[in-house]
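Here the structure comes first, spelled out in structure tokens, and everything after it is commentary.
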Amino acid sequence: MPTRSIKVKLVVPRNQSERHIREDIWTTHQVINQAVRYYEKMLLIMRGQHYAIAEGQEVSQDVVQQQLDNLIQEARRRNKQSKSWTKIDNDKAKGLLRDLYTAIVPSCIGEKGSAQNANGFIGPLTDRESLGYLSVFDKIRVPPDWLDRARDGASDALSAAEQWLKSEDGKERLSPSGAPPKWVKLAKDQKDWIPAFIEDYDRKLKEAEGVPTIVRSLKSMGVLPLFPAYLAPQIQKSQGKLSRWDRLSFRLATAHLLSWESCCILTVEEHDKRMSRLEQFTQSQLSESNIEPGLAALRNY
């Protein structure tokens, strides 16, 4: 889908009587920057690895892991989880959070990602009521009894599917929330909808194996939501646990990390190439047989 960019010029009044407008704009920038920093820090903790913030200033692996342990414990306390918690549980939660970070910032493993996709993650991370990525499990609940027979090409599968379509379960699936899948339109038009249903169901099964399963596992462990939203609690008369400003800040934080991870990988690759070229040059040009005559001439000089 093409994206159209529009440049907007903001004219800020310069007179003293409207100074509060300039101050409000500055304050907004300042607060958004603080929120971006907060979300970047949370994501870096989820990442679970050491990183440098400046030359000679490194946050060690041990420090990051301790921060992650503390974040998990605080989340479980905030989520009122009283079940016993072992080191195995903690290590599993840390692994799942790393997987979730990889899904948010796929450039850390060399894959392409988009900051726009971050909108789907901030809900589960900050809001206990969020159903983000969990709705797919409602769509793949107990499969129709005719599904396996239809896969095998059984002759009675067609009539069983048509009967199911008239049942309460079938009628409910014919009226999904959001955009209806292809099979719904075919069924309503009385066309061959069964292959499209199987394709849609299998796609949802595969989809559920990724991020939805990670989110559901972390929720069941009491680890999600992992941290509170930064801006919504500070906004007067806020209507929810999240604000559009939080979503904007989280997208900006994700964009920064997508770029940073890509640059890290590119730097390592370029460094390895240069070291390889140096090694080849050393072997071909600076061997003892090549350099000895030159050294002899230099000594003589």
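Nothing here was measured: the structure is a model prediction, and the numbers come from that model. Along the sequence shown, residues are numbered consecutively beginning with 1.
- Between the S259 side chain and the H256 main chain, no donor and acceptor come within less than 3.5 Å of each other.
- Placement of V64 and I53 within a single hydrophobic cluster is found when ILVMFWY residues are connected by side-chain heavy-atom separations under 4.5 Å, directly or transitively.
- I25 and I235 are members of different hydrophobic clusters when ILVMFWY side chains are connected at heavy-atom separations under 4.5 Å.
- A salt bridge links E207 to R203: at least one charged side-chain nitrogen sits closer than 4.0 Å to a carboxylate oxygen.
- Residue W183 comes nearest to L165 through the heavy atom pair CZ3-CD1, 4.0 Å, listed as atom of the first residue, atom of the second, then distance.
- Counting only N and O atoms by type, the side chains of S17 and N15 include a donor and acceptor under 3.5 Å apart.
- How far CZ of F227 is from CD1 of I72: 12.5 Å, rounded to the nearest 0.5 Å.
- Other residues, nucleotides and ligands contribute more than 12 heavy atoms inside 6.0 Å of the CD atom of E18.
- Of the inter-residue distances, the one linking L100 atom CG with L125 atom CG reads 5.5 Å to the nearest 0.5 angstrom.
- When every heavy atom of R247 is checked against every heavy atom of N119, the shortest pair comes out as NH1-O, 3.3 Å.
- The CH2 atom of W260 sits 11.0 Å away from the OG1 atom of T267 when rounded to the nearest 0.5 Å.
- The environment of Q190 atom CD is sparse: at most 12 non-hydrogen atoms of other residues, nucleotides or ligands sit within 6.0 angstrom.
- For CH2 of W245, the number of neighbouring non-hydrogen atoms (other residues, nucleotides, ligands) closer than 6.0 Å is 12 at most.
- Annotation: the span from L68 atom CG to M46 atom CE amounts to 9.0 Å, rounded to 0.5 Å.
- The main-chain N or O of K83 is found under 3.5 Å from a side-chain atom of R76 such that the two form a donor-acceptor pair.
- Annotation: side chain of E279 is not in contact with side chain of T282 (no heavy-atom distance under 4.5 Å).
- Using a distance-only test at 3.5 Å, with no hydrogens or angles considered, no donor-acceptor pair links the side chain of N79 to the main chain of Q81.
- No more than 12 heavy-atom neighbours from other residues, nucleotides or ligands sit within 6.0 angstrom of CZ on R19.
- The CH2 atom of W164 lies 10.0 Å from the CD1 atom of I194; values are rounded to the nearest 0.5 Å.
- When all heavy atoms of I140 and A208 are compared, the closest pair comes out as CD1-CB, 3.7 Å.
- In the hydrophobic clustering of this structure, L295 does not group with Y301; members are Ile, Leu, Val, Met, Phe, Trp, Tyr whose side-chain heavy atoms approach within less than 4.5 Å, directly or through other members.
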#### Entry: CA sep, side-chain torsions, deciding dist, call: N70, Q66, side-chain hydrogen bond (donor to acceptor under 3.5 Å, both in side chains)
CA-CA 6 Å; N70 295 341; Q66 186 60 55; 3.1 Å; yes

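- For N33 (side chain) and H29 (main-chain N/O), a donor-acceptor pair under 3.5 Å exists by modelled atom type.
- A donor-acceptor pair under 3.5 Å links the side-chain atoms of R98 to the main chain of R47, judged by distance alone.
- No more than 12 heavy atoms of other residues, nucleotides or ligands sit less than 6.0 Å from atom CZ of R37.
- Remark: side-chain polar atoms of E111 are not paired, donor with acceptor, to backbone N or O of A103 under 3.5 angstrom.
- R251 places no side-chain N or O within donor-acceptor distance of the main-chain N or O of A118, the cut-off being under 3.5 Å.
- Listed for the S243 side chain is a donor-acceptor partner under 3.5 Å among the backbone atoms of D246.
- Annotation: side chain of V36 is not in contact with side chain of L248 (no heavy-atom distance under 4.5 Å).
- Of all heavy-atom pairs spanning V105 and E261, the tightest one is CG1-CG, 3.8 Å.
- In this model, no donor atom of one side chain and acceptor atom of the other lie less than 3.5 Å apart for K41 and Q67.
- The hydrophobic cluster containing I265 does not contain L258, counting ILVMFWY residues as joined when their side-chain heavy atoms lie under 4.5 angstrom apart, directly or transitively.
- Proximity of a side-chain donor or acceptor of Q61 to a complementary backbone N or O of H50 within less than 3.5 Å is detected.
- You'll find the side chain of F121 stays beyond 4.5 Å of the side chain of T254, heavy atoms only.
- Between K241 and P225, every side-chain heavy-atom pair lies at or beyond the 4.5 Å cut-off.
- The existence of a salt bridge linking D200 and K182 is excluded, since no basic side-chain nitrogen approaches an acidic carboxylate oxygen closer than 4.0 Å.
- Between L96 and M221 the shortest heavy-atom distance is CD1-SD, 4.0 Å.
- Stacking of R216 on the aromatic ring of Y133 is not recorded, the 6.0 Å distance cut-off and the 45° axial limit not both being met.
- Ring pair F197/Y201 is parallel by interplanar angle, where below 30° counts as parallel and above 60° as perpendicular.
- Between D202 and R151 there is a salt bridge, with a side-chain nitrogen of the basic residue lying less than 4.0 Å from a carboxylate oxygen of the acidic one.
- If you take OH on Y51 and CG on L44, they are separated by 5.0 Å, rounding to the nearest 0.5 Å.
- When the side chains of ILVMFWY residues are joined at heavy-atom separations under 4.5 Å, either directly or via intervening members, I104 and L131 end up in two distinct hydrophobic clusters.
- Taking 4.5 Å as the limit, some side-chain heavy atom of V184 sits within range of a side-chain heavy atom of P181.
- Surrounding CD1 of I88 are at most 12 heavy atoms belonging to other residues, nucleotides or ligands under 6.0 Å away.
- Of all non-hydrogen atoms in S249 and A35, the two that sit nearest each other are OG-CB, 3.4 Å.
- For K92, the NZ atom is loosely surrounded, since the number of other residues' heavy atoms within 6.0 Å does not exceed 12.
- A donor-acceptor pair under 3.5 Å is absent between the side-chain atoms of N90 and the main chain of T86, judged by distance alone.
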